[in-house]
Asker: 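After the structure tokens below, expect a handful of questions from me.
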Amino acid sequence: VLFRSGVIRYVGQYFNTKPHRILSIKKHTKTEYTFRVACDNLPEYGQFFMLSIPKVGEAPISCSGRGDDWEEFTIRNTGMVTKAIFDLTVGSTIFLRGPYGNHFPVEEEFEGKHLLVICGGTAMAPVLIMLNHFYENPQLAKSVYLICGFKDHNAILFRDEIEKFRDRINVIATLDIESYENFEEGMVTAHIGKIPINEWGDDYNIVIVGPPVMFKFASMECLKNGAKEAKMMSELNVKVLNKGAKEQILSEVQNNKFIANLKEIVSLFTTKSGLKAVKAQFNPEVLKYRTENFLKFFIFSNMFLIVYL
């Protein structure tokens with residue numbers, strides 16, 4: 001049962017990955033770029049995609065922008081997968097599956113109320129679509145406040161967006177260790193006291209996006225200023241390992257008509273009719289890569305099973 005479940009997950013993930021073309025690349029810093037990718041699979045606010053490079057691996061990346069036929073992903077170059085993505089150029093192919101994860105309840109809970117968003121660095125990416133939503137539709141919220149922090153002026157991301165937001169959103173942009181034009185100085189927690197949380201009654205929501213230590217101290221400051229714990233939401237609500245994402249991926253995999261059971265999976269790669277069906281269903285550009293990886297996994301799993309038994 002475990003073997004069959006593992007195969008279903010492995011094969012399903014690769015068969016649901018599709019190639020997409022990179023339309024543009026915006027360089028924010030030496031290690032953080034935004035990639036615009038041709039894609040019409042629109043995510044909800046705060047959802048993510050799995051981005052992959054053949055023979056390298058895949059990584060969960062939050063969507064930082066969306067249009068009718070494109071998505072944007074702001075990525076920090078920190079590992080093997082992201083390094084491989086940074087080696088790509090405009091016109092290159094990147095592989096996506098998704099979107100996955102829970103989403104910020106913008107229409108359900110945020111609209112018609114006050115909203116405070118606190119974020120830092122690349123953690124601004126998951127809330128950028130939501131912020132643009134309220135910028136383009138300011139009548140949908142009583143007020144919107146943004147506190148965004150960066151280490152120094154060399155680490156600033158989304159400069160154009162921050163300046164644009166100032167017209168319709170109450171923005172406090174700050175740098176941890178220095179002052180800079182249009183930026184205040186200090187950690188994001190130092191500026192939470194400037195927000196009139198205690199004047200909002202129960203008619204508000206607070207979103208804090210960043211590492212756990214940031215959420216801890218930012219939430220403590222919010223509580224000091226009259227916020228209620230039930231009104232605060234962390235980025236953990238939309239992470240890859242949350243229950244909603246797991247169930248969504250498993251459901252997608254199990255419902256794939258090609259992988260209803262192990263016998264059918266094997267037949268796809270061991271019979272002429274199976275291979276013909278696969279070729280007809282999937283892009284030839286990625287078929288070889290997926291087949292090679294499945295066979296490697298299948299052989300390794302059988303060897304493990306033999307040793308175990």
Asker: May I ask you to check whether Phe158 and Phe150 place their ring centers less than 6.0 Å from one another?
Answerer: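 Ring centres of Phe150 and Phe158 not closer than 6.0 Å.
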Asker: Let's go through Ile118 and Val209 carefully: what are the C-alpha distance in whole Å and the side-chain angles of both, what is the deciding distance for side chain to side chain contact (heavy atoms under 4.5 Å, CB included) to 0.1 Å, and is it a yes or a no?
Answerer: CA-CA 6 Å; Ile118 305 170; Val209 186; over 6 Å; no
Asker: Let me confirm one number: the CD1-OG1 distance from Ile147 to Thr189, rounded to the nearest 0.5 Å.
Answerer: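 Rounded to the nearest 0.5 Å, the CD1-OG1 separation comes out at 9.0 Å.
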Asker: Tell me whether Asn225 contacts the main-chain N or O of Asn198 through its side chain, where contact means a donor paired with an acceptor under 3.5 Å.
Answerer: no
Asker: Hydrophobic cluster mates of Ile177, side-chain heavy atoms under 4.5 angstrom, ILVMFWY only, any path?
Answerer: none
Asker: Can you name the closest pair of heavy atoms from Pro126 and Ser62 and give their distance?
Answerer: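 Looking at all heavy atoms of both residues, the closest pair is CG-OG, 3.6 Å.
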Asker: Tell me whether Leu23 is reachable from Leu88 by hopping between hydrophobic residues (I, L, V, M, F, W, Y) whose side-chain heavy atoms are closer than 4.5 Å.
Answerer: no
Asker: Under 6.0 Å from the NZ atom of Lys194, do we count more than 12 heavy atoms belonging to anything else shown?
Answerer: yes
Asker: Give, for atom CZ of Phe35 and atom NZ of Lys27, the distance between the pair rounded to the nearest 0.5 Å.
Answerer: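 Rounded to the nearest 0.5 Å, the CZ-NZ separation comes to 9.0 Å.
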Asker: State plainly whether the residues Arg66 and Glu44 are in salt-bridge range, i.e. N to O under 4.0 Å.
Answerer: no
Asker: How long is the span from the CD1 atom in Ile162 to the CG atom in Leu146, to the nearest 0.5 Å?
Answerer: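 Going from CD1 on Ile162 over to CG on Leu146, the span is 7.0 Å.
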Asker: On a heavy-atom basis, which atom in Pro99 and which in Leu42 lie closest, and how many Å separate them?
Answerer: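 Answer, listing the atom of Pro99 first, then Leu42: CG-O, 4.0 Å.
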Asker: Would Trp200 and Tyr145 count as a close aromatic pair, with their ring centres under 6.0 Å?
Answerer: yes
Asker: In this structure, would Ile208 and Leu223 fall into the same cluster of hydrophobic residues linked by side-chain contacts under 4.5 Å?
Answerer: yes
Asker: Quick check: do Ile195 and Ile172 have side-chain heavy atoms less than 4.5 Å from each other?
Answerer: yes
Asker: Side-chain donor-acceptor pair under 3.5 Å between Lys18 and Asn41, yes or no?
Answerer: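 No donor-acceptor contact under 3.5 Å links the two side chains.
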Asker: Should the pair Lys26-Asp160 be classified as a salt bridge under the 4.0 Å nitrogen-to-oxygen rule?
Answerer: yes
Asker: Which heavy atom of Gln47 sits nearest a heavy atom of Gly101, and at what distance?
Answerer: NE2-O, 2.7 Å
Asker: Salt bridge (charged side-chain N to carboxylate O under 4.0 Å, His left out) with Asp203: which of Lys231, Lys113, Lys142, Lys228?
Answerer: Lys142
Asker: Which atom names give the shortest non-hydrogen contact between Val188 and Cys148, and what distance separates them?
Answerer: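 That would be CG1-C, 4.1 Å.
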Asker: Lys164 and Asn132: which non-hydrogen atoms are nearest, and at how many Å?
Answerer: NZ-OD1, 2.6 Å
Asker: Could you go step by step and tell me if Thr34 and Leu157 meet the side chain to side chain contact (heavy atoms under 4.5 Å, CB included) rule?
Answerer: CA-CA 10 Å; Thr34 292; Leu157 306 177; over 6 Å; no
Asker: Is there a chain of hydrophobic side chains (I, L, V, M, F, W, Y, each step under 4.5 Å between heavy atoms) that links Met80 to Ile61?
Answerer: yes
Asker: In Å and rounded to the nearest 0.5 Å, what is the CZ to CG distance from Phe48 to Asn102?
Answerer: 9.5 Å
Asker: Is there a donor-acceptor contact under 3.5 Å linking the side chains of His133 and Tyr45?
Answerer: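 His133 vs Tyr45: donor-acceptor pair found between side chains.
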Asker: Between Met50 and Trp70, is there a shared hydrophobic cluster once you connect ILVMFWY residues whose side-chain heavy atoms come closer than 4.5 Å?
Answerer: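 No, because Met50 and Trp70 fall into different hydrophobic clusters, even though each may have its own neighbours under 4.5 Å.
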Asker: Quick check against the 3.5 Å criterion: does Glu178 have a side-chain atom that pairs as donor or acceptor with the backbone of Asp152?
Answerer: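 Looks like no, no N/O pair under 3.5 Å.
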Asker: Are more than 12 heavy atoms from other residues, nucleotides or ligands located less than 6.0 Å from atom CD of Glu229?
Answerer: no
Asker: Would you check if the side chain of Thr174 reaches a backbone N or O of Gly186 as a donor-acceptor pair within less than 3.5 Å?
Answerer: yes
Asker: Starting from Tyr135, can I reach Phe110 by hopping between I/L/V/M/F/W/Y residues whose side chains sit under 4.5 Å apart?
Answerer: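 Looking at the clustering, Tyr135 is in the same group as Phe110.
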Asker: What verdict does the side chain to side chain contact (heavy atoms under 4.5 Å, CB included) test give for Ile25 and Val90, after you've listed the backbone C-alpha separation in whole Å, the side-chain angles of each residue and the deciding distance to 0.1 Å?
Answerer: CA-CA 7 Å; Ile25 301 173; Val90 174; 4.2 Å; yes
Asker: Can you confirm whether the side chains of Thr74 and His28 place a donor and an acceptor under 3.5 Å from each other?
Answerer: no
Asker: Using a 3.5 Å distance criterion without hydrogens, assess whether the side chain of Asn137 forms a donor-acceptor pair with backbone atoms of Gln139.
Answerer: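 No; zero donor-acceptor contacts below 3.5 Å.
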Asker: Quick check: does any side chain N or O of His103 sit under 3.5 Å from a backbone N or O of Pro43, one acting as donor and the other as acceptor?
Answerer: no
Asker: Check this for me, if you would: do Glu58 and Arg97 make a salt bridge, where the nitrogen-to-carboxylate-oxygen distance has to be below 4.0 angstrom?
Answerer: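 Looking at Arg97 together with Glu58, the answer is yes, because their closest N to O distance falls below 4.0 Å.
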Asker: Supply the atom-to-atom distance Leu96 CG to Ser52 OG, rounded to the nearest 0.5 angstrom.
Answerer: 7.5 Å
Asker: For the ring pair Tyr204 and His114, is the centre-to-centre distance below 6.0 Å?
Answerer: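 Ring-ring flag for Tyr204/His114: false, centres at least 6.0 Å apart.
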Asker: Which heavy atom of Met214 sits nearest a heavy atom of Gly120, and at what distance?
Answerer: CE-N, 3.8 Å
Asker: Stepwise, does the side chain to side chain contact (heavy atoms under 4.5 Å, CB included) test hold for Ile129 with Cys63?
Answerer: CA-CA 8 Å; Ile129 295 177; Cys63 189; 3.9 Å; yes
Asker: Between atom CZ of Phe73 and atom CD1 of Ile94, what is the distance when rounded to the nearest 0.5 Å?
Answerer: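 Between atom CZ of Phe73 and atom CD1 of Ile94 there are 7.5 Å.
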Asker: Any chance the rings of Tyr100 and Phe49 have centres within less than 6.0 Å?
Answerer: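 Tyr100 vs Phe49: aromatic centres not under 6.0 Å.
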